[in-house]
Number of protein chains: 2
Amino acid sequence: MKEGPDIAQIAALIGDPARANMLTVLMSGKALTVSELAEEAGVTIQTASSHLSKLNDGGLLRPRKQGRHKYFSLASDQVAYVLEGLMGLAAGSGHLRKRTGPKDVELRQARVCYNHLAGDMGTQLFDSLMGQGHLVLTKEDLILTDRGAAFVADLAIDVDGLRKARAPLCRECLDWSERRSHLAGSLGRAFLSRFEDLLWAKRDQKTRVVIFSRSGADAFNRLFPVNG
Amino acid sequence: MKEGPDIAQIAALIGDPARANMLTVLMSGKALTVSELAEEAGVTIQTASSHLSKLNDGGLLRPRKQGRHKYFSLASDQVAYVLEGLMGLAAGSGHLRKRTGPKDVELRQARVCYNHLAGDMGTQLFDSLMGQGHLVLTKEDLILTDRGAAFVADLAIDVDGLRKARAPLCRECLDWSERRSHLAGSLGRAFLSRFEDLLWAKRDQKTRVVIFSRSGADAFNRLFPVNG
DNA sequence: CTTATGCTTCGATTAAGGTCGAACCATGAA
DNA sequence: TTCATGGTTCGACCTTAATCGAAGCATAAG
C-alpha cells in the first residue's frame, strides 16, 4: 500500500499555518532571520525557532549563519515549485510577490561590499553564474566548475593565480538590502576589478555606490542574463 | 499575514498519513471506492469516509456515484503534479524509504502518474519529443508543433479530438525519481493508452508499475530514441 | 416486504503537537 | 570584563483532530 517516498511528512510540515506563512514569505527568494520570520508568521521567537528547525530538518530550508544572525532561505527552486503548485491548488491563481520599497535606488542597484559587487547587480551576477552552471553550491562550499573556470578565463581573469592565494576563491555573501546571495571571495573581488578595468563601471569614492556606464551595463546584462 | 491563497490548509490535507496514502494510490489514475481506499490506507471505513469528504471539500478529489458505490479519483492532473513534486522533495530530503526493493526499480523505470507515463521511460518520451521538435516549450505553455501533430497522427492518435476537449493537451509534469519533466495532459494520457492498445505495455493492476514487453520496448526505443 | 451492502453521521476517547514563559547559550559591543 | 541582543532549549498548558464503535441512511437484490 505504500509505494514511493513519504509525502505525508513533507506535506504536514507545510501544513501548519505558521510554517506556511514563513515559506510563503520566503518565496520572494530573500533570506530572513528567525525574528523576522516570527514576526511574519505572527508567533513568538521561540515558536518560530521550533518551526524553522523542523522545516530545516525536512530539507525545505537552507540556513546560513552570519554573525549572531541566522538567515533562512528556501533550500532549492524545487521547493518553490511545489509551493507554487500548492498555491495553484489552493486558489487557482493569484500569488502576490511582495517587494520592499526602494529607499536608496543607487545603493540598491549596485554597490561595493568588501571590494566585491553587491546589490541588485551583485545578486544578478551570482544568480546568472549559478544558472549557467558555472558555480555549484555543495553542502558547505561554493565551487567554480570547469565550465565556470573557462568562462572566467575568457574574461581575462587569472583563475589559477587566484587559486594559489590562501583566501577562498568563492564565497557566498549575504547583503543587507537584497537579503540574497552574491559572490564574494577572491573571485568576487576579481570580477569587480575586471569590470573597472573594462571601464564598464567605476566606484564613487565618497559612497559605496558602483556606477555602470550605459555600454557597461549592456555588456554586463549580455554576459550575465537574468534567466541565465 | 494572510496574503494569497492558503496553502496551509491544502498542505495539511495532504499531510495526514492516511490521506496521503489514499492520494498516492489514486496517482494510478484509477477511481476507487471508499472501502478500497480505506483498505489501502489501513483505516476503518468510517475514518476513510471522513478523510475523503475532507479531501473532496478541499477540491483534491472528484467523486462519482454509481449505484451504491462511491468512486473517487484525483480532481485534476494539477493535483497529480503537486503530489509528484512533494514526492520529489520527500525523496530528496532523506525521508526516502530505505528498502530499495525490486518494485522500486520497476517504479523508477516506468510507472503510471495519473494515467500518463512517468519514470525513466516517461522522461525519455518527453526528451525525445522535444529533441525531434515535436514539442516546444514556450514561456508558459508546452505546445505540440505541426510536425508533432503529424507524428502523433501517424500513431493513430486522434489529436483533433483531444484538442476539442477542455483539458489541456500538453502539460509538463515533474518526475520524483528522475527529477525531470515528462509529458502529462490529455496527449500524455493518449500516448500511454495507445501503448497499451498496441500491446507494447500493460499496467500492473496492484501497483503503478508499467510493464513493457520486449518487442514493445524495442518499438518504443525506435520511435523515441534517447538522443532524438 | 425483508435483508444485505456501501457509506455517512454522531459522540467519546485519545494521541499529537502548537504555543509561550522562563531560563540558557552564543555572539558582538562598550 | 559587563551588558545587550539574537537564538535555542525546556517544560507545562491546551487546542486540534485522528480514530473507531454504534447508529442512521440509501440503494440493490431476493
Side-chain angles (χ1 to χ4, degrees), chain A residues 1-2 6-26 30-58 60-73 113-114 173-176 179, chain B residues 1-2 6-26 30-58 60-73 95:
Chain A
M1 79 181 157
K2 292 177 187 171
D6 183 12
I7 64 173
Q9 226 140 9
I10 294 292
L13 278 179
I14 310 174
D16 177 77
R19 288 194 291 259
N21 280 333
M22 295 176 180
L23 291 170
T24 300
V25 172
L26 289 174
K30 291 186 177 180
L32 297 174
T33 66
V34 177
S35 314
E36 290 167 330
L37 288 166
E39 165 95 291
E40 291 287 347
V43 294
T44 63
I45 299 179
Q46 309 95 283
T47 305
S49 178
S50 166
H51 284 315
L52 289 169
S53 76
K54 283 173 186 172
L55 288 172
N56 189 43
D57 291 344
L60 298 183
L61 298 183
R62 189 160 63 93
R64 269 169 296 179
K65 257 194 187 162
Q66 194 149 311
R68 51 183 168 184
H69 294 268
K70 191 170 184 182
Y71 288 91
F72 283 99
S73 55
C113 166
Y114 280 56
C173 184
L174 210 56
D175 73 45
W176 248 119
R179 300 288 179 85
Chain B
M1 260 138 282
K2 272 216 163 181
D6 186 13
I7 66 172
Q9 201 160 3
I10 197 88
L13 278 178
I14 309 173
D16 178 77
R19 288 194 290 259
N21 280 335
M22 295 177 180
L23 290 171
T24 300
V25 171
L26 288 174
K30 283 188 165 302
L32 298 174
T33 67
V34 177
S35 313
E36 290 168 328
L37 288 166
E39 164 96 291
E40 291 287 348
V43 295
T44 63
I45 299 179
Q46 309 97 283
T47 305
S49 177
S50 166
H51 283 314
L52 289 168
S53 78
K54 284 172 186 171
L55 287 172
N56 190 41
D57 292 345
L60 298 182
L61 299 182
R62 188 165 57 93
R64 270 193 305 175
K65 260 208 202 149
Q66 230 168 47
R68 50 183 170 181
H69 294 270
K70 192 170 183 180
Y71 288 92
F72 283 100
S73 57
H95 274 290

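Proteins come first, then strands; the chains are lettered A, B, ... in the order of their sequence lines, and each starts at number 1.
- Of the listed nucleotides (D:dA18, C:dC7, D:dT8), D:dA18 has the atom at the smallest distance from the side chain of B:Asp16.
- Look at A:Thr44 and you'll find a side-chain N or O under 4.0 angstrom from OP1 or OP2 of C:dC20.
- Atom CG of B:Leu13 is separated from atom P of D:dA17 by 10 Å (rounded to the nearest Å).
- Residue A:Gln46 places a side-chain atom within donor-acceptor reach of the base of C:dG21, judged by atom type and a 3.5 Å distance cut-off alone.
- Note on B:Arg68: every side-chain N or O is 4.0 Å or more away from OP1 and OP2 of C:dA4.
- At D:dT19, none of the side-chain N or O atoms of B:Thr47 fall inside 4.0 Å of OP1 or OP2 (strictly under the cut-off).
- Closest of all the heavy-atom pairs between B:Gly58 and B:Ile10 is O-CD1, 3.5 Å.
- Checking the phosphate oxygens (OP1, OP2) of C:dT8, a side-chain nitrogen or oxygen of B:Lys70 falls inside 4.0 Å.
- Here B:His69 does not reach the OP1 or OP2 of D:dT27: none of its side-chain N or O atoms lies under 4.0 Å away.
- At a cut-off of 3.5 Å, with distance as the only test, no side-chain donor of B:Ser73 or B:Arg64 sits close to an acceptor on the other residue.
- Side-chain atoms of A:His51 lie closest to C:dT19 of the nucleotides D:dT9, C:dT8, C:dT19.
- A:Gln9 is not listed as a side-chain neighbour of A:Leu13, based on a closest heavy-atom distance of 4.5 Å or more.
- In this structure, the side chains of A:Val43 and A:Asn21 stay at 4.5 Å or more apart for every pair of heavy atoms.
- A:Ser53 comes within 4.0 angstrom of nothing in the nucleic acid, heavy atoms only.
- Within the helix from C:dC1-D:dG30 to C:dA30-D:dT1, the inter-axis angle between the opening and closing five-pair segments is 20°, rounded to 10°.
- Using a 4.0 Å heavy-atom cutoff across all strands shown, A:Lys65 reaches no nucleic acid atom at all.
- Looking only at side-chain heavy atoms (C-beta outward), A:Ile14 and A:Leu60 come within less than 4.5 Å of each other.
- Taking 4.0 angstrom as the limit, B:Ser35 places none of its side-chain polar atoms (N or O) nearer than this to OP1 or OP2 of C:dG6.
- Between D:dG7, C:dG18, C:dC7, one nucleotide has an atom nearer to the side chain of A:Lys54 than all others, and that is C:dG18.
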